[in-house]
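In this text the structure is predicted, and so the values were computed from the model without any measurement. In listed order, ligands and their atoms are each counted from 1.
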Amino acid sequence: MVAPAMNVRMWTHAATQANLATLRERGVHFVGPNEGDMACGEFGPGRMAEPDEIADAVSDFFEDSAPLSGRRALVTSGPTHEPIDPVRYIANRSSGRQGHAIAAALARRGALTTLVSGPTHLPDPAGVQTIHVETARDMLAACESALPADIAVCAAAVADWRVASQANEKLKKNGSSVPTLEMAENPDILATLSATANTRPGLVIGFGAETENVIAHAKAKRERKGCDWILANDVSPETGTFGGADNTIHLLSAAGVENWPTMSKVDVANRLAERITKHLGAAE
Ligand code: C5P
């Protein structure tokens with residue numbers, strides 16, 4: 001939580017406002033600034049909020065905004081990198097934005113949150129314990145070591161296959177033939193967490209990125225993987241979802257399908273965190 005105080009022209013400057021937008025997106029809360037006379041003789045927004053206002057905002061925050069306190073959440077995010085040799089790997093286009101935003105939204109609501117992230121360019125979300133991994137197998141091991149959890153959200157774009165035997169030395173061109181990569185199947189983290197015997201999280205949520213027949217494929221995926229909810233989304237290239245800022249979600253559960261309007265990935269994260277809060281509250 002930040003209570004900014006600065007000159008009106010500094011506060012309204014485009015660079016300050018852009019930085020504030022980034023901080024809000026990362027879940028930082030602001031108290032003020034207020035509008036009024038400034039020490040420098042100018043007038044406008046930039047005055048620090050009164051100490052009583054700041055104290056009230058802090059106590060309201062801790063009273064109202066931690067409905068998930070006492071809950072443990074596990075979130076996967078980003079791509080995985082599957083090595084071919086010491087310098088090359090197989091990867092995918094996942095940015096990690098959706099998974100990171102979900103971890104931040106759960107942590108903001110008080111959940112003790114572990115984020116297991118493949119390689120991304122994103123900063124670790126505030127208030128979240130972030131474990132960095134590269135491969136699908138490392139991601140599974142990190143997830144299993146983070147159990148028990150009440151909530152698991154698998155948002156990572158895990159590589160389905162890895163190279164069966166990684167070369168210890170950089171593969172060299174030999175002028176006559178190209179290498180053939182033999183592939184092996186990676187563990188399915190969502191399915192494994194859903195089937196965990198004693199420590200299965202009470203609510204396991206996966207994503208179903210589809211390019212056609214989104215709902216039908218997502219329904220089949222929910223059953224096949226044994227998870228509770230699937231957030232299905234259309235990732236056809238024309239939607240710009242992969243790597244983009246927005247997402248159009250259909251939430252599939254045993255109760256049916258909820259169609260959410262198109263919204264930013266941060267808004268999807270907040271809406272999901274609210275749905276989870278409501279679900280856990282109703283289940284008590
Ligand atoms: O099978 P598909 O990749 O479409 O399933 C997507 C869902 O399964 C996502 O929630 C993703 O995080 C999860 N998944 C996983 N481990 C894999 C493959 C997918 O956790 N190896």
Side-chain angles (χ1 to χ4, degrees), residues 73-83 89-103 105-106 113-120 122 130-131 133-147 149 151-164 183-196 199-201 203-237 239 241-243 247-253 260 265 268-269 272-273 275-276:
L74 166 64
V75 180
T76 70
S77 184
T80 61
H81 285 183
E82 307 297 333
Y89 57 83
I90 296 171
N92 63 64
R93 294 184 195 281
S94 169
S95 65
R97 291 171 76 161
Q98 187 63 83
H100 277 56
I102 291 168
L106 293 170
T113 306
T114 302
L115 171 66
V116 181
S117 175
T120 74
L122 301 173
T130 305
I131 303 173
V133 296
E134 290 218 348
T135 68
R137 288 188 295 175
D138 292 345
M139 186 173 274
L140 176 61
C143 287
E144 287 179 328
S145 70
L147 294 176
I151 309 147
V153 183
C154 292
V158 184
D160 290 318
W161 305 283
R162 65 179 180 277
V163 176
M183 308 299 280
E185 192 160 336
N186 267 334
D188 189 310
I189 297 163
L190 176 61
T192 307
L193 292 177
S194 298
T196 308
T199 49
R200 183 194 192 276
L203 183 59
V204 182
I205 303 169
F207 272 79
E210 308 291 349
T211 53
E212 27 100 57
N213 295 332
V214 175
I215 305 285
H217 281 138
K219 267 189 184 156
K221 191 167 290 178
R222 192 177 88 82
E223 278 162 30
R224 195 169 64 245
K225 303 226 182 195
C227 60
D228 302 297
W229 297 355
I230 285 270
L231 301 194
N233 58 353
D234 188 340
V235 293
S236 318
T239 65
T241 304
F242 237 56
N247 219 341
T248 310
I249 294 290
H250 311 273
L251 188 157
L252 281 85
S253 67
W260 295 1
K265 290 180 178 175
V268 166
L272 177 63
R275 267 311 262 104
I276 291 171

Worksheet item: Under the side chain to side chain contact (heavy atoms under 4.5 Å, CB included) criterion, do Glu82 and Val163 qualify, and how do the steps go?
Response: CA-CA 7 Å; Glu82 307 297 333; Val163 176; 5.7 Å; no

Discussion item. Under the rule for ring pair (Phe, Tyr, Trp, His ring centres under 6.0 Å), what residues qualify as partners of His250, not counting sequence neighbours?
Written reply: none

Exercise answer: donor-acceptor pairs, residues 208-220 side-chain atoms, under 3.5 Å, sequence neighbours excluded:
{"unit_1": "Glu210", "atom_1": "OE2", "unit_2": "Lys221", "atom_2": "NZ", "d": "2.9"}
{"unit_1": "His217", "atom_1": "ND1", "unit_2": "Glu212", "atom_2": "O", "d": "3.0"}
{"unit_1": "His217", "atom_1": "ND1", "unit_2": "Asn213", "atom_2": "O", "d": "3.4"}

Quick check on ligand 1: any N or O pairs to the protein under 3.5 Å? One line per pair.
{"unit_1": "ligand 1", "atom_1": "1 (O)", "unit_2": "Lys225", "atom_2": "NZ", "d": "2.9"}
{"unit_1": "ligand 1", "atom_1": "4 (O)", "unit_2": "Lys221", "atom_2": "NZ", "d": "2.5"}
{"unit_1": "ligand 1", "atom_1": "5 (O)", "unit_2": "Lys225", "atom_2": "NZ", "d": "3.0"}
{"unit_1": "ligand 1", "atom_1": "8 (O)", "unit_2": "Lys225", "atom_2": "NZ", "d": "3.1"}
{"unit_1": "ligand 1", "atom_1": "10 (O)", "unit_2": "Cys154", "atom_2": "O", "d": "2.6"}
{"unit_1": "ligand 1", "atom_1": "10 (O)", "unit_2": "Phe207", "atom_2": "N", "d": "2.7"}
{"unit_1": "ligand 1", "atom_1": "10 (O)", "unit_2": "Phe207", "atom_2": "O", "d": "3.4"}
{"unit_1": "ligand 1", "atom_1": "12 (O)", "unit_2": "Cys154", "atom_2": "O", "d": "3.2"}
{"unit_1": "ligand 1", "atom_1": "12 (O)", "unit_2": "Ala156", "atom_2": "O", "d": "2.6"}
{"unit_1": "ligand 1", "atom_1": "16 (N)", "unit_2": "Ile189", "atom_2": "N", "d": "3.0"}
{"unit_1": "ligand 1", "atom_1": "20 (O)", "unit_2": "Ile189", "atom_2": "N", "d": "3.4"}
{"unit_1": "ligand 1", "atom_1": "20 (O)", "unit_2": "Leu190", "atom_2": "N", "d": "2.8"}
{"unit_1": "ligand 1", "atom_1": "21 (N)", "unit_2": "Pro187", "atom_2": "O", "d": "2.9"}

Practice prompt. Quick one: pull up CZ in Arg222 and CG in Leu231 and give me the separation to the nearest 0.5 Å.
Written response: 12.0 Å

Worksheet item: Pairs in or reaching into residues 153-162: which pass salt bridge (Lys or Arg N to Asp or Glu O under 4.0 Å), with residues at least two apart or in two chains?
Response: none

Practice prompt. Give a yes or no on this: more than 12 heavy atoms of other residues, nucleotides or ligands lie within 6.0 Å of atom CZ of Arg275.
Written response: yes

